[in-house]
Amino acid sequence: MKQTYTFNFPTPIRFGAGVVDELADYLKGHKLKRPLFVTDANVADLDFFEGIKKQVEQAGMHVAVFSDMHKNPIKSDIIKGGEAYHAAQCDCVVGIGGGVALDVARAIALRVNHKRDLFDYDDLIGGDQYVTEEVPHFITVPTTAGTGSEVGRSAIISEDETKRKRILFSPKLMARIVFADPMLTMGLPPFITAATGMDALTHNMEAYLSKGYHPMCDGIALEGMALIAKSLEKAVNEPDLGSRSDMLLASLMGAVAFQKGLGVVHSLAHPLSSLLDTHHGLANAVNLPYGMKFNYGGFEGRFDHMGMALGLGVNNGDQVVAYLFELNRKLGLPIKLSEIGVKQKHIEELSVLAEADFCHPNNPKPVKRADFKALYQEAL
Ligand SMILES: NC(=O)c1ccc[n+]([C@@H]2O[C@H](COP(=O)([O-])OP(=O)(O)OC[C@H]3O[C@@H](n4cnc5c(N)ncnc54)[C@H](O)[C@@H]3O)[C@@H](O)[C@H]2O)c1
Ligand SMILES: [Fe+2]
């Protein structure tokens, strides 16, 4: 083995019911006085958000809130957020919410001291070379269990006009600490629980199959799948603290694992969000069984391991695809693209966008435009 590798698992994570109550003390301990809370407009209205804000204010800090963002966030959201940070003379950024809020918070943390055009920092054009240490103290508090963006080092932000997704990336954009409190996810509605949970499952499966060499991520991904197989249905249909905790962990684990890479399913899903504003997790959920069917041949051994993790028994990798269709059905999610507004006329454009996406180069099998077309067609 002559090649060398870099394995990263550095984010400190406080995990468990009630850990968010430690935020005020943490800020104080780091002499931070003026946090910018970044969240979306929905979460800003939830009781727990008001509760966190009050706790921090009662500890003597001034909290500014920025919540003006699109469902699939765009560059101008980030510019506005940067302005809000300066206007309120903030000294740190606390992202509280789902993947959208956390990605926006991370991009704002980049923006405040990095004044080049935002997309100069695009990873695909080597933008991380411009990211300096001048990133304000950045903290994440996830409130969905799906993207794992809380432990990520990237933010997916779209161009205002074209809606093309761009990926801002730098290890310097990692949170300094994560407060992962499953209590915050207790009130997630069933549909969001299901869709975000399927995003987490997709991360774990695609990371496990992806081309990179990373046995540590592989182990994490398999355990992430096992937690989801055990708890996603329960979290959707009769949630309790145990199932919510499992899902929050599995989501974190998926994101830790996908530093190894993702694959064809995320490349199928991203254009649906760009073009039709489909929720990211939902787009993955529908495409996951088809993408896994595409990947099966030649990777039977890997599927056997995934089947074991999913509780299908020994050497039953060939049942993974059927399991995924059935899981979507049990969670009340669609299994056809036509059920989420995709029409025949969209397939050409979706396929062009999917081919240009940044995820599939890590898929275990090469994926060509004709493959994307065939996959969309099959799922229609
Ligand atoms: N940076 C990364 O590594 C990474 C990885 C995957 C996905 N993403 C991005 O994450 C985004 C999707 O994130 P998401 O799936 O978490 O969706 P989301 O952030 O849009 O949240 C889904 C919905 O749930 C609501 N919500 C959040 N927390 C809630 C709570 N506790 N109770 C009730 N409602 C709540 C939100 O207001 C929103 O309406 C996409 O923009 C995607 O590109 C980022
Ligand atoms: Fe995802």
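Hydrogens, waters and symmetry mates play no part in the numbers below; they use all other heavy atoms, side chains included.
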Exercise. Would you say Leu36 and Ile139 are hydrophobically clustered, going by side-chain heavy atoms of ILVMFWY under 4.5 Å?
Worked result: no

Exercise. Between CD1 of Ile340 and NE2 of His279, what distance do you get to the nearest 0.5 Å?
Worked result: 11.5 Å

Seminar exercise, completed: One should read off an interatomic distance between Ser273 OG and Lys163 NZ, to the nearest 0.5 angstrom, of 13.0 Å

Exercise. If you group Ile, Leu, Val, Met, Phe, Trp and Tyr by side-chain heavy-atom gaps below 4.5 Å, do Met69 and Ile157 land in one group?
Worked result: yes

For this session: Using side chain to side chain contact (heavy atoms under 4.5 Å, CB included) as the criterion, point out the one residue from His270, Arg164, Lys165 that pairs with Asp357.
Result: His270

Exercise. Is there side-chain contact between Asp218 and Arg302, with heavy atoms separated by less than 4.5 Å?
Worked result: yes

For this session: For the pair Lys230 and Asp246, evaluate salt bridge (charged side-chain N to carboxylate O under 4.0 Å, His left out) and give the outcome as yes or no after the intermediate values.
Result: CA-CA 8 Å; Lys230 176 178 155 224; Asp246 284 350; 3.0 Å; yes

Exercise. More than 12 heavy atoms of other residues, nucleotides or ligands under 6.0 Å from NZ of Lys373: is that the case?
Worked result: no

For this session: Please examine the side chains of Pro334 and Leu282, heavy atoms only from C-beta on, and report whether any two atoms are closer than 4.5 Å.
Result: yes

For this session: Apply side chain to side chain donor-acceptor pair (under 3.5 Å) to the pair Ser149 and Asp103, showing each step before the final yes or no.
Result: CA-CA 7 Å; Ser149 176; Asp103 274 15; 2.7 Å; yes

Seminar exercise, completed: All heavy atoms of Pro73 vs all of Val104, minimum pair found to be CB-CG2, 3.5 Å

Problem set entry | Side chains of Asn316 and Asp304, donor plus acceptor under 3.5 Å | no

Exercise. With hydrophobic residues grouped by side-chain heavy-atom distances under 4.5 Å, do Val65 and Val20 end up in a single group?
Worked result: yes

For this session: In sequence, state the C-alpha distance, the side-chain angles, and the governing distance for Phe294 and Phe299, and then conclude on ring pair (Phe, Tyr, Trp, His ring centres under 6.0 Å).
Result: CA-CA 10 Å; Phe294 175 81; Phe299 295 91; over 10 Å; no

Exercise. Does Lys293 reach the side chain of Val320, with side-chain heavy atoms less than 4.5 Å apart?
Worked result: no

Exercise. Quick one: does Glu339's side chain have a donor or acceptor within less than 3.5 Å of a partner on Ile335's backbone?
Worked result: yes

Exercise. In terms of heavy-atom contacts, does CD of Glu57 have more than 12 from other residues, nucleotides or ligands at under 6.0 Å?
Worked result: yes

Problem set entry | Option among Val141, Ile52, Leu248, Val19 that satisfies the side chain to side chain contact (heavy atoms under 4.5 Å, CB included) test with Asp181 | Val19

Exercise. Do you see a donor-acceptor pair shorter than 3.5 Å between the side chains of Ser231 and Arg244?
Worked result: no

Exercise. In Å and rounded to the nearest 0.5 Å, what is the CG to NZ distance from Asn363 to Lys211?
Worked result: 8.0 Å

Exercise. Are Val265 and Phe303 co-members of a hydrophobic cluster defined by side-chain heavy atoms under 4.5 Å apart?
Worked result: yes

Exercise. Is atom NZ of Lys336 surrounded by more than 12 heavy atoms (other residues, nucleotides or ligands) closer than 6.0 Å?
Worked result: yes

Exercise. Can you get from Tyr85 to Leu173 by hopping between Ile, Leu, Val, Met, Phe, Trp and Tyr side chains that sit under 4.5 Å apart?
Worked result: yes

Exercise. Would a 4.5 Å heavy-atom cut-off, applied to side chains only, mark Asn113 and Pro136 as touching?
Worked result: yes

Exercise. If every non-hydrogen atom of Ala200 is compared with every non-hydrogen atom of Ala145, which pair is closest and at what distance?
Worked result: CB-O, 4.5 Å

Exercise. Do we see a donor-acceptor contact under 3.5 Å between the side chains of Ser76 and Asp160?
Worked result: yes

For this session: Indicate yes or no: at least one non-hydrogen side-chain atom of Asp77 is less than 4.5 angstrom from one of Asp68.
Result: no

Exercise. Can you check whether Phe15 reaches Ser245 side chain to side chain, under 4.5 Å on heavy atoms?
Worked result: yes

Problem set entry | Donor-acceptor side-chain pairing of Thr147 and Asp199 below 3.5 angstrom | no

Exercise. Phe138 and Gly95: which non-hydrogen atoms are nearest, and at how many Å?
Worked result: CE1-N, 4.3 Å

For this session: Check the surroundings of atom NZ in Lys31: do more than 12 heavy atoms from other residues, nucleotides or ligands lie under 6.0 Å from it?
Result: no

For this session: Just do the salt bridge (charged side-chain N to carboxylate O under 4.0 Å, His left out) check on Lys172 and Asp128 with the steps written out, would you?
Result: CA-CA 9 Å; Lys172 300 188 183 87; Asp128 68 317; over 6 Å; no

Exercise. Between His137 and Tyr26, do the side chains contain an N or O donor and an N or O acceptor separated by less than 3.5 Å?
Worked result: yes

Exercise. Distance only, no hydrogens: is a donor on one side chain within 3.5 Å (strictly under) of an acceptor on the other, for His346 and Tyr376?
Worked result: no

Exercise. Are any non-hydrogen side-chain atoms of Asp123 and Phe358 less than 4.5 angstrom apart?
Worked result: no

For this session: For Leu168 and Ala107, work out which heavy atoms get closest and say how close.
Result: CD1-CB, 3.9 Å

Exercise. Run the side chain to side chain donor-acceptor pair (under 3.5 Å) check on Asn284 and His280 step by step: do they pass?
Worked result: CA-CA 6 Å; Asn284 275 319; His280 174 71; 3.2 Å; yes

Problem set entry | Lys234, NZ: over 12 other non-hydrogen atoms inside 6.0 angstrom | yes

Exercise. Do Thr162 and Glu159 have side-chain N/O donor and acceptor atoms under 3.5 Å apart?
Worked result: yes

Exercise. Do Met253 and Glu223 have side-chain heavy atoms sitting under 4.5 Å apart?
Worked result: yes

Exercise. If you measure from CZ on Phe49 to CG on Asp45, what distance do you get to the nearest 0.5 Å?
Worked result: 9.5 Å

For this session: For Ser243 and Asp240, run side chain to side chain donor-acceptor pair (under 3.5 Å): C-alpha distance rounded to whole Å, both residues' side-chain angles, the deciding distance at 0.1 Å, then the answer.
Result: CA-CA 6 Å; Ser243 56; Asp240 59 5; 2.8 Å; yes

Exercise. Where is the tightest heavy-atom contact between Ala175 and Thr11, given as atom of each residue plus distance?
Worked result: O-CG2, 3.6 Å

Seminar exercise, completed: d(Asp277 CG, Lys71 NZ) to nearest 0.5 Å is 4.5 Å

Problem set entry | More than 12 heavy atoms from other groups under 6.0 Å of CG on Asp117 | yes

For this session: Cation-pi check, Arg166 to Phe119: give yes when NZ or CZ is under 6.0 Å from the six-membered ring centre and within 45° of the ring axis, no otherwise.
Result: yes

Problem set entry | Interatomic spacing from CD in Gln55 to CG in Leu23 - rounded to 0.5 Å | 8.0 Å

For this session: Check step by step if ring pair (Phe, Tyr, Trp, His ring centres under 6.0 Å) holds for Tyr121 and His114.
Result: CA-CA 9 Å; Tyr121 304 101; His114 289 78; 5.6 Å; yes

Problem set entry | Residues His203, His266; criterion ring pair (Phe, Tyr, Trp, His ring centres under 6.0 Å); working and verdict | CA-CA 9 Å; His203 294 156; His266 269 75; 4.8 Å; yes

